[in-house]
Each structure stands twice: as C-alpha cells, then as structure tokens.
> 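Here you go, one structure.
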Protein chains: 2
Amino acid sequence: MPKARLTPASVTEAGAALADEVGYENLSMGLLAERLGIKTPSLYKHVTSQADLAHRIAILAMTEMGDAIRDATQGRSGSDALVAGAQAMRTHVRKHPGRYAAGNTARPTGPDDPLIPATERVLASWAAMLSGYRLDPGQQIHAMRMLRSVLHGFATLEAADGFQIDTSVDESFTWLINFIDHGLRAGAVTGSATDR
Amino acid sequence: MPKARLTPASVTEAGAALADEVGYENLSMGLLAERLGIKTPSLYKHVTSQADLAHRIAILAMTEMGDAIRDATQGRSGSDALVAGAQAMRTHVRKHPGRYAAGNTARPTGPDDPLIPATERVLASWAAMLSGYRLDPGQQIHAMRMLRSVLHGFATLEAADGFQIDTSVDESFTWLINFIDHGLRAGAVTGSATDR
DNA sequence: AGCTAAAGGCTAATGACATTAGCTTGAGGA
DNA sequence: TCCTCAAGCTAATGTCATTAGCCTTTAGCT
C-alpha cells in the first residue's frame with residue numbers, strides 16, 4: 001500500500017484517530033510516530049510540538065463538530081432542529097472522544113487562531129437552533145449557556161462512564177432534550193432579580 | 001509556624017490546595033514536595049505514587065462537595081433546596097477547581113474504594129433535592145442525570161473560561177437553575193405521557 | 001540512661017517522554 | 001549533471017516519576 005506523503009494535516013488526522021482509540025491523555029509523540037511508521041523526532045518535521053499537535057486536533061474536532069451539527073440540522077427547525085443537533089453532538093462525541101477531549105483542552109493562542117472561527121461556528125449553530133424558540137433577547141445568552149452546559153456535561157459524564165445505573169443512557173438523553181424543548185417552548189422564564 | 005508532621009492526609013490536603021492554585025494538570029510531585037519543604041522522593045513516604053495522590057485528592061474533593069451540598073440544603077426543601085444545592089456546588093468548584101478536576105478524573109479502584117461512598121453521598125444529595133418535586137419514579141433517574149449534566153457542564157465550562165460573552169455568568173447560572181426548577185415543577189404538575 | 005527500630009529525609013540511579021542538534025539521502029528542478 | 005531541500009534518522013539533553021539504599025532522629029522500652 002502506498003503510504004501517502006505525510007503532511008501536517010495527515011499527521012493531525014492520525015493523531016486525532018489515535019486519541020479516539022487510546023484516549024486523549026494517552027496520546028504521545030512516540031505512539032503516534034510508531035503508528036505512522038516513523039521515529040519520534042521525525043514527527044517534528046510536520047508538527048512543531050505536542051502542544052501544536054493537540055491544538056491542530058482541537059481545530060479539527062471543532063470543525064468536524066460544526067459540520068456534524070450543520071448536517072443534522074439542515075432543513076429542520078424548532079424542536080426538530082434541537083433534537084437533531086443535540087443527537088448529532090452526542091453521537092459525534094461518542095464516536096470521537098479523544099478529539100472532543102482535545103477540543104475541550106485547547107485555548108486560542110491569539111486573535112488569528114483558526115480555533116476561534118471553528119468554535120464560533122459551533123456556537124452559532126446552537127444559537128441558530130435556539131432562535132427557533134423566539135426567546136426574549138435578554139434570555140438568549142442564558143439559554144445558550146444552559147444548552148451548552150447540559151450537552152457538554154452529559155457528553156463528558158457519559159465519556160467518563162459517569163452514568164452507572166442500569167437505565168438506558170439513550171433514553172435519558174432524549175428525555176433531557178425533551179425537557180429542555182418543553183422549557184424553551186414554555187417561553188420566558190423570568191429570572192428573579194433576587195438572587196444569591 | 002511549627003511545620004506539623006506530614007501524614008498521608010496532610011500531604012493530600014496540601015496537594016489539593018496546590019492543585020487549586022496551579023491547576024490540576026500542573027500538579028507534580030516535585031512542585032508539591034517543594035511546597036512541603038522536602039525533596040521529591042520523600043513524598044513517597046506518605047503517598048505511594050502520583051496516581052495515589054490524585055486518587056486521595058479526588059476522595060477529599062468528593063467528600064467536601066458532599067459536605068458543602070449537605071450544609072447548603074440543610075433545612076430547605078423543594079425549589080429552595082435545589083437553588084441552594086446548585087449554588088453550593090458551583091461555589092465549591094469555583095473555589096476548588098483543582099480538586100474538582102481531580103474528582104472528575106478519578107475512577108474507583110475496587111469495590112472497597114472510599115471514593116465510591118463519597119461519590120454516592122453526592123449523588124444521594126441530588127436525588128434528595130429532586131425528591132421534593134415528586135417526579136414519576138420512572139423519570140427520577142433521567143432528571144438526576146439531567147441535573148448532574150447541567151451542573152457539571154456549567155462548572156466545567158466556567159472553569160475552562162468557556163463563557164466569553166460579556167454577560168454575567170452568575171445571572172446565567174441562576175437563570176439556569178430557575179429554568180430547571182420550572183421544568184421540574186411543570187413535570188410534577190402536568191405529568192408526562194404517562195399521566196395517571 | 002542506653003538501646004533499638006521504625007519513621008521520614010536524602011542522594012543517586014533508572015526509565016519514559018518531549019524536544020533539539022546535526023547528519024544523510026533521494027528526487028526534482030536549474 | 002549538480003544543487004537544494006524535504007523528510008528520515010541517530011544521538012544527546014532536560015524534565016518527571018519512581019526506586020534503591022543510606023542516614024538520622026526519636027518514641028518506646030528496659
């Protein structure tokens with residue numbers, strides 16, 4: 001088999017795949033090099049450091065997540081879009097836990113970091129999904145943070161085997177999405193000014 | 001100050017404090033040893049390995065979290081208990097991000113692992129808080145997973161500086177809790193498809 | 001008091017990694 | 001044909017975690 005020429009992109013892809021296999025925390029330069037059939041130092045011809053690799057994987061992950069959500073919500077709206085988008089998100093994380101972990105660890109390195117637009121695209125998708133509920137503008141940001149929190153939390157706990165009870169996790173997820181859908185439909189939740 | 005004799009417990013406490021300061025991922029045996037005024041290898045007289053240290057920190061974190069929630073929900077019920085418990089949880093994570101991270105990473109090492117009861121105690125607190133809503137038994141586990149997901153997700157995203165927009169994160173949190181409270185109340189009142 | 005053993009520190013050595021320096025070789029273009 | 005550079009490689013360095021083996025202090029006993 002012709003082993004294609006290595007490029008930063010192909011190395012990143014291989015690194016992402018490896019992270020999904022062995023877990024992000026077990027990804028090492030040595031392991032990736034071995035997987036690619038080269039010696040560890042040779043990796044540095046394609047990627048400047050492990051941090052660079054991790055960052056590239058994060059961008060890849062964010063981009064793919066954005067694609068997955070876009071594809072899933074294509075042509076849908078309202079509750080349908082929410083359900084489809086949320087399911088797509090969870091499915092993506094289940095299929096690519098290593099990438100997702102990389103995405104969670106990464107932080108933009110500067111104002112031109114491609115990670116920023118990639119992340120914004122995902123956030124924009126969530127915002128678009130929420131727009132169908134015609135929330136009060138002042139509540140949109142809160143709803144968005146709530147949505148991100150549940151989805152991220154659920155995906156993270158699931159990935160960490162946090163749901164032990166013998167009750168279908170799939171069922172819990174759809175229940176969760178329904179719960180949120182109903183809440184959003186119920187509309188304005190007047191945040192009490194008396195907090196803390 | 002007389003430097004008290006080191007014990008596994010005091011080393012763990014110091015490790016937890018250090019993790020909160022520098023971030024769990026930056027916690028190292030060398031750094032902790034330095035903090036304690038001893039050389040790295042001496043740490044092994046109190047803790048068998050870094051993994052052991054991490055595990056002990058996780059148990060401490062879970063226990064403290066359980067205490068915090070118990071104290072906060074003491075004497076409250078229904079929405080009050082939910083609000084108080086959730087706030088206590090977030091506050092604890094904000095104050096102890098390193099410990100919380102350790103708690104998320106840890107996994108029980110066996111059936112007698114003290115981490116198990118510590119974790120169960122926290123879960124029981126959530127369950128107790130939800131019991132006030134008199135949910136359909138079949139929904140309790142889902143509600144519980146939902147609650148854990150939002151709280152964990154929110155705390156995690158906040159710790160990772162995931163909320164960039166210039167809108168009060170405190171406000172978003174109380175909004176979030178209100179949203180859930182309303183949803184749970186609605187579920188209790190109107191019931192779901194399986195209404196009796 | 002004197003003796004002993006364990007507790008708790010220390011230094012030195014090992015092994016896994018990431019990273020860097022410098023060498024080598026093959027393929028394409030001048 | 002010859003030169004240049006991309007992409008591998010080996011060797012060397014530095015950081016950690018961890019282990020081995022040694023030394024000192026101190027509680028407890030006689």
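So that the names make sense, note that chain A is the first sequence line, chain B the second, and so on, each numbered from 1.
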> Contact class for A:S49 (heavy atom, under 4.0 Å): base, sugar-phosphate, or nothing?
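Counting heavy atoms under 4.0 Å across all strands, the contact made by A:S49 is with sugar-phosphate only.
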> Whole angstrom is fine here: how far is it from CD in B:E34 over to C1' in D:dA17?
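Going from B:E34 (CD) to D:dA17 (C1'), I get 16 Å.
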> Counting side-chain heavy atoms from CB outward, which of C:dG9, D:dA6, C:dA21 is closest to B:S42?
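Of the options given, the side chain of B:S42 lies nearest C:dG9.
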> In whole angstrom, give the distance that lies between atom CG of A:L32 and atom P of C:dC17.
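In whole Å, C:dC17 P and A:L32 CG are 13 Å from each other.
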> With the side chain counted from C-beta on, respond yes when B:W126 and B:M89 share a heavy-atom pair under 4.5 Å apart, and no when they do not.
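Yes, close enough: below the 4.5 Å cut-off.
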> Could you check A:R35 against A:L31 for side-chain contact (heavy atoms from CB on, under 4.5 Å), going step by step and ending with a plain yes or no?
CA-CA 6 Å; A:R35 176 62 59 98; A:L31 196 55; 6.0 Å; no
> Is there a side-chain contact between A:R76 and A:V83 (heavy atoms, below 4.5 Å)?
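No, their side chains stay 4.5 Å or more apart.
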> Would you kindly give the CD1-to-P distance between B:I38 and C:dC10, to the nearest whole Å?
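Rounded to whole Å, this separation is 7 Å.
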> In this structure, which one of B:R94, B:H152, B:K95 forms a side-chain hydrogen bond (donor to acceptor under 3.5 Å, both in side chains) with B:Y100?
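Going through B:R94, B:H152, B:K95 one by one, the side-chain hydrogen bond (donor to acceptor under 3.5 Å, both in side chains) with B:Y100 is satisfied by B:H152 alone.
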> Side chain of A:Q50 only, please: which of D:dT18, C:dA18, C:dC10 is the nearest?
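For A:Q50, the side-chain atoms sit closest to C:dA18.
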> A:L6 has a side chain; which of D:dG8, C:dC10, C:dT19 sits nearest to it?
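Between D:dG8, C:dC10, C:dT19, the one nearest the side chain of A:L6 would be D:dG8.
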> Do any side-chain nitrogens or oxygens of B:H46 fall under 4.0 Å of OP1 or OP2 in C:dG9?
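For B:H46, the contact criterion (side-chain N or O under 4.0 Å from OP1 or OP2 of C:dG9) is met.
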> Want to settle it: does A:T40 or B:S28 sit nearer the 5' end of DNA chain D, counting the closest nucleotide to each?
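Result of the comparison: A:T40.
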> Rounding to an integer number of Å, can you tell me how far B:K45 NZ sits from C:dA5 C1'?
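About 14 Å, once rounded to whole Å.
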> Would you kindly give the CG-to-P distance between B:L53 and D:dC16, to the nearest whole Å?
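Between P of D:dC16 and CG of B:L53: 16 Å.
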> Report the distance from atom CZ of B:R5 to atom C1' of C:dG8, rounded to the nearest whole Å.
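Rounding to the nearest Å, CZ of B:R5 and C1' of C:dG8 are 9 Å apart.
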> Rounded to whole angstroms, how far apart are CG on B:L31 and C1' on D:dT15?
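Checked: the CG to C1' distance equals 13 Å.
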> Separation of B:H55 atom NE2 from D:dA17 atom C1', in whole Å?
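In whole Å, D:dA17 C1' and B:H55 NE2 are 19 Å from each other.
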> Given C:dC10, C:dA18, D:dA17, which nucleotide is nearest the side-chain atoms of A:M29?
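Shortest atom-to-atom distance from the side chain points to C:dA18.
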> Check this for me: does any side-chain nitrogen of one of B:E13 and B:R56 sit under 4.0 Å from a carboxylate oxygen of the other?
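Salt bridge between B:E13 and B:R56, a charged N being under 4.0 Å from a carboxylate O: no.
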